[in-house]
Amino acid sequence: MTSTSTSRALGRVALATTLALAPWALACGGGAAYRAQTAAETMSSPGYGGDEGRWGSSGGLATGTAMPEPERAAYAQAEQATTTAVAASASDARDTSGPLLIYTATLTMAVFEVRATQVQLVERARSLGGVLTLQTDDRLVVRVPAARFDEFLSGIGELGDVLHRDIQAQDVGEEFRDVAIRIRNLEVTRQRVEALLAQASNVEQALAVQRELERITAELEALRGRQRYLADRISLSTITFLFQPMPREALEQPEIFRLPFRWLEELGLPTLLEVR
Amino acid sequence: MRALVFTLAAALALAGCGHHFQIHTPDRFVELEPGAQERMGFAYRATSANGAVLAVREIDNDRHASAEFWVEAVRNRVRRAGGYALLSESEVRSADGRTGHQMRFGRDEGQHPYAYWVTLFVTPDRIFVVEAGGRREPFEAEQASIEQAIGALRLE
């Protein structure tokens with residue numbers, strides 16, 4: 001069975017389960033009936049994206065016509081609160097009402113002493129609350145709080161010759177908010193499917209609902225991971241340094257420096273003991 | 001005849017008065033022929049029968065470098081380029097009261113240890129380098145007379 005036919009089958013099972021439970025649910029109260037109905041609608045709605053087994057960005061309960069206005073408003077509030085809280089924790093004092101930016105910079109530098117410059121850069125990053133993430137002979141990656149990004153870069157020129165500078169600010173606000181919405185929707189959906197699981201009348205129904213629950217949980221975890229990743233990227237800017245030794249004239253002073261005095265070269269036992 | 005006498009006198013003056021130091025050859029040493037020593041850069045060289053050698057180089061300090069400079073130059077040369085081990089350093093005094101710097105080196109050649117001393121006296125115009133060395137055993141047998149000869153050195 002392909003994933004497409006599996007998803008469709010799951011949708012049919014959910015619908016059948018809902019229909020089978022509907023009288024009981026109605027008897028138990030309007031709220032339960034609403035939840036059962038909505039779960040069925042959700043799984044069969046175009047927004048579900050059943051062919052792909054995933055939620056579309058505009059799908060799910062957020063666009064469901066069955067959601068009452070007060071609950072939708074509560075959703076919106078909760079989603080906004082979550083987005084703001086995560087973004088605020090992620091980006092220090094940055095204004096989260098505007099774009100959520102991931103700052104990255106790649107600087108190619110020519111320096112006299114690569115190792116010493118790397119030490120200075122790491123100290124500079126740490127003094128601003130940053131961390132070292134990679135250090136090789138010719139490459140250094142540090143991450144600094146986004147709020148200190150400009151401050152960190154402002155004095156870099158003093159440490160070497162910046163040959164190339166590539167600074168990017170990627171606005172992930174839309175994706176961040178979308179992920180937050182999808183998480184909230186999936187959480188609600190999961191609660192409803194859990195309710196369905198509790199109401200399953202036979203093993204077959206229970207297994208079908210359980211599988212759907214596992215799929216929702218997996219997708220929820222993936223979205224939470226993505227949210228954490230974005231929050232981390234927003235919170236700490238990534239600066240990559242590529243080092244090139246400063247071009248210079250060839251200089252080859254021998255390990256043993258010899259002064260231009262011939263008698264010094266003649267010192268030693270071989271000459272002294274060569275008696276004539 | 002007068003010309004011959006003058007020439008001899010001049011030659012003697014050059015040979016005898018060309019150096020600005022006086023050294024007493026130790027009893028069991030023999031001073032080597034000066035001309036050959038000059039060609040090898042030595043102002044004076046003497047050897048014992050067993051191969052302990054004492055020599056003096058006299059170099060114009062025309063760059064007027066300090067004693068510290070020359071001590072360091074010699075130390076670096078002998079240790080780094082020559083591969084000798086510096087065993088000890090000390091101040092020494094010449095008979096006329098000048099302070100010199102003595103560095104005692106050691107070096108193994110094959111299965112034989114050798115001793116090599118370099119003593120520097122630096123004046124504003126000249127550098128006097130007193131070298132002494134040889135296989136350790138015969139050298140140690142003459143060590144006291146070598147120290148005595150260095151201590152008896154008179155510099156002008």
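Note that the coordinates shown come from a computational prediction; the quantities given were computed from them, not determined experimentally. Chain letters run A, B, ... following the sequence lines, proteins first and then strands; every chain starts at 1.
The environment of CD in Glu174(A) is sparse: at most 12 heavy-atom neighbours from other residues, nucleotides or ligands sit within 6.0 Å. Other residues, nucleotides and ligands contribute only 12 or fewer heavy atoms inside 6.0 Å of the CD atom of Glu72(B). Residue Glu91(B) qualifies as enclosed at atom CD: its count of foreign heavy atoms under 6.0 Å is above 12. Annotation for Asp27(B): atom CG does not count as buried by contact number, only 12 or fewer foreign heavy atoms lying within 6.0 Å. More than 12 heavy atoms of other residues, nucleotides or ligands shown are found within 6.0 angstrom of CZ on Arg224(A). Sparse packing is recorded around CG of Asp137(A), with 12 or fewer heavy atoms of other residues, nucleotides or ligands lying under 6.0 Å away. For Glu151(A), the CD atom is densely surrounded, since the number of other residues' heavy atoms within 6.0 Å is greater than 12. Within a 6.0 Å sphere centred on CZ of Arg190(A), heavy atoms belonging to other residues, nucleotides or ligands number more than 12.
Between chain A and the options Ile59(B), Thr47(B), Leu32(B), the largest number of non-hydrogen pairs under 4.5 Å is found for Ile59(B). Ranked by heavy-atom pairs shorter than 4.5 Å toward chain A, the options Ala36(B), Ala81(B), Ala55(B) are led by Ala81(B).
Taking CG of Leu273(A) as the start and CZ of Arg135(B) as the end, the distance is 10.0 Å to the nearest 0.5 Å. Here the CZ-CD distance, from Phe42(B) to Glu266(A), works out to 7.5 Å after rounding to the nearest 0.5 Å. For the atom pair CD (Glu58(B)) and CH2 (Trp263(A)), the distance works out to 12.5 Å, reported to the nearest 0.5 Å. Atom-to-atom distance recorded for Arg63(B):CZ and Leu259(A):CG is 13.0 Å, nearest 0.5 angstrom.
Of the possible polar contacts, one joining the Tyr116(B) side chain to the Gly268(A) backbone as a donor-acceptor pair under 3.5 Å is found. In this structure, the side chain of Arg77(B) engages the main chain of Glu265(A) through a donor-acceptor pair within 3.5 Å. Between the side chain of Gln37(B) and the backbone N or O of Arg276(A) there is at least one donor-acceptor pair closer than 3.5 Å. Put simply, the side chain of Arg45(B) gets close to the backbone of Leu272(A): a donor and an acceptor are under 3.5 Å apart.
What you find for Met40(B) and Glu274(A) is that their closest heavy atoms are CE-O, 3.5 Å. Contact record, Tyr84(B) with Leu269(A): OH-N, 2.8 Å, taken as the closest heavy-atom pair. The shortest heavy-atom contact between Ala73(B) and Leu264(A) is CB-CD1, 4.0 Å.
Contact annotation for Arg258(A): only side-chain heavy atoms (C-beta onward) come within less than 4.5 Å of a heavy atom of chain B. Neither the backbone nor the side chain of Ala52(B) comes within less than 4.5 Å of any heavy atom of chain A.
Using a 4.5 Å heavy-atom threshold, the side chains of Thr271(A) and Glu131(B) count as separate.
Ring-centre distance between Trp70(B) and Phe261(A): below the 6.0 Å cut-off.
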